[in-house]
Amino acid sequence: MSERTAILERPAATASAPARHGLLLAVPAGLLRTARPRQWVKNLLVVAAPAAAGRLASWESAGRLALVFGLFTAAAAAVYLVNDARDADADRAHPVKRLRPVASGVVPVPLAYAAGAALGLGAALAAAALCNPMTAALLAAYLVMQLAYCVRLKHVLVVDLAVVATGFLMRAVIGGVALGIPLSRWFLITTGFGALFMVAAKRYSEAVRMAGTQGATRALLTRYTPGYLRFVWQLAAGAAVLGYCLWALESGGGAAGTLLPWRQLSVVAFILAVLRYAVFADRGAAGAPEDVVLRDRPLAVIGVVWAAMYAMAVMDV
């Protein structure tokens with residue numbers, strides 16, 4: 001009787017092993033998904049100022065920027081982990097966000113908090129040890145600001161938009177600070193308002209999608225009107241275009257020996273890119289900016305043309 005019982009129990013024990021193995025793999029995979037790998041492309045903004053200044057040619061500069069990119073990616077991942085842990089209950093009311101690892105229960109909330117704390121502290125300590133003081137201070141300020149956003153600032157009208165846009169601006173600033181590059185005021189204005197344009201368009205798209213539903217995951221979406229958010233992204237788009245025009249004209253005409261005033265001509269490509277992105281914003285389809293930027297082919301072509309023009313301006317071709 002005991003042998004028969006052992007034979008009957010053996011398949012169940014064997015069957016449970018793959019299940020346990022799958023569960024062990026699901027948690028690290030869930031942590032990685034919560035860190036938002038698709039969002040890491042935003043951290044490429046750290047090369048914006050060095051690229052505009054023509055400082056990407058040396059291995060030393062590339063190495064410093066790679067380090068800053070890695071540290072900022074770790075810091076941003078820490079914020080995503082903490083944010084998803086705090087928003088787990090609200091995310092379960094969202095048709096898409098309920099599938100996130102923390103909201104769906106794949107990653108336990110305490111583990112998300114612990115992983116976020118470890119990544120954030122590690123990034124701050126590594127920056128203090130490996131980067132110049134100003135770079136370390138900016139990274140620490142980013143972490144403090146974003147954690148304050150997760151805890152409180154996301155519930156304050158207008159401030160929530162400003163904080164998210166400032167996060168993008170800090171990415172662009174930290175690359176220049178890491179290499180000791182003086183930053184143009186027009187560069188900062190263009191980057192800041194360009195970020196606000198995308199953030200407000202994202203919120204507008206979320207507001208349009210959640211209109212008429214109960215339990216929006218962002219409490220402020222019930223306090224913002226779509227008309228107001230539309231006004232914000234349109235105003236920000238205009239300010240970004242104006243800032244870019246002034247930035248492009250700041251250096252005057254093309255340098256001696258250049259074929260064309262590439263920096264000034266790049267204004268056309270920049271405005272076309274803004275207009276193309278505004279198509280998605282107007283439709284309420286800019287809820288995932290990375291999808292718009294990476295998947296829309298006309299926008300990608302315009303981006304390549306702009307980058308080529310600006311590269312020729314930097315190289316004085």
Side-chain angles (χ1 to χ4, degrees), residues 42-56 65 134 138 158 161-202 204 229-282 286 289 292-293 298-317:
K42 298 175 183 177
N43 299 323
L44 290 175
L45 276 172
V46 301
V47 308
R55 293 280 298 276
L56 294 179
L65 290 176
M134 184 57 71
L138 274 173
V158 181
L161 300 175
V163 169
V164 178
T166 301
F168 285 92
L169 179 60
M170 293 179 77
R171 286 172 169 88
V173 168
I174 202 170
V177 169
L179 299 185
I181 298 171
L183 298 173
S184 164
R185 61 189 181 279
W186 302 122
F187 169 80
L188 298 176
I189 289 173
T190 302
T191 305
F193 280 103
L196 181 59
F197 164 48
M198 298 184 76
V199 171
K202 176 181 172 68
Y204 173 76
L229 291 171
R230 175 187 286 273
F231 163 75
V232 173
W233 69 252
Q234 289 176 341
L235 177 64
V241 167
L242 178 60
Y244 188 86
C245 291
L246 293 172
W247 183 28
L249 296 172
E250 187 177 41
S251 61
T258 58
L259 296 176
L260 291 169
W262 295 113
R263 194 183 304 271
Q264 288 73 38
L265 289 175
S266 70
V267 168
V268 177
F270 183 84
I271 294 175
L272 286 176
V274 171
L275 291 175
R276 179 68 187 181
Y277 193 90
V279 170
F280 296 92
D282 185 65
V292 177
V293 173
L299 184 59
V301 171
I302 294 170
V304 170
V305 172
W306 172 85
M309 286 182 172
Y310 206 91
M312 286 188 280
V314 170
M315 294 184 294
D316 292 331
V317 174

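As a basis for the values below, the full set of heavy atoms in this structure was taken, side chains included, without hydrogen atoms, waters or symmetry mates.
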List in chain and number order the residues that pass side-chain hydrogen bond (donor to acceptor under 3.5 Å, both in side chains) with W186, two or more places apart in sequence or in another chain; answer none if no residue qualifies.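 Scan of W186 (side-chain hydrogen bond (donor to acceptor under 3.5 Å, both in side chains), adjacent residues dropped) gives none.
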What I'd like to find out is whether the side chain of [X] reaches to under 4.5 Å of the side chain of [Y], using heavy atoms alone.
X	Y	answer
V199	F168	yes
P289	F280	no
L275	V279	no
V268	M309	no
M198	K202	no

With rounding to the nearest 0.5 Å, note down the distance linking [atom1] in [X] to [atom2] in [Y].
X	Y	atom1	atom2	value
L179	I174	CG	CD1	11.0 Å
L272	L299	CG	CG	10.5 Å
L196	T191	CG	OG1	12.5 Å
I271	S266	CD1	OG	9.5 Å
L65	N43	CG	CG	12.5 Å
L260	M312	CG	CE	8.0 Å

If I compare all heavy atoms of [X] with all of [Y], which pair ends up nearest, and what's the gap?
X	Y	answer
A200	L229	CB-O, 4.2 Å
V314	A51	CG2-O, 3.7 Å
A165	A195	O-CB, 3.7 Å

Expected output: side-chain R55 to main-chain I181 donor-acceptor under 3.5 Å: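 No: the side chain of R55 does not pair with the backbone of I181.
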Main-chain N/O of F187 paired to T190 side chain as donor or acceptor, under 3.5 Å: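 Looks like no, no N/O pair under 3.5 Å.
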Run L44 and R171 through side chain to side chain contact (heavy atoms under 4.5 Å, CB included) and show every step you take. CA-CA 8 Å; L44 290 175; R171 286 172 169 88; over 6 Å; no
Taking everything shown except F193 itself, do over 12 heavy atoms lie less than 6.0 Å from its CZ?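 Count not over threshold, so no.
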With ring centroids as reference points, do Y310 and W247 lie under 6.0 angstrom apart?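 Yes.
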Quick one, W306 with F270, criterion ring pair (Phe, Tyr, Trp, His ring centres under 6.0 Å). Give me CA distance, side-chain angles, the key distance, then yes/no. CA-CA 7 Å; W306 172 85; F270 183 84; 7.2 Å; no
Suppose the criterion is salt bridge (Lys or Arg N to Asp or Glu O under 4.0 Å): which pairs have a residue in residues 232-245, not counting sequence neighbours?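 Residue pairs passing salt bridge (Lys or Arg N to Asp or Glu O under 4.0 Å), neighbours aside: none found.
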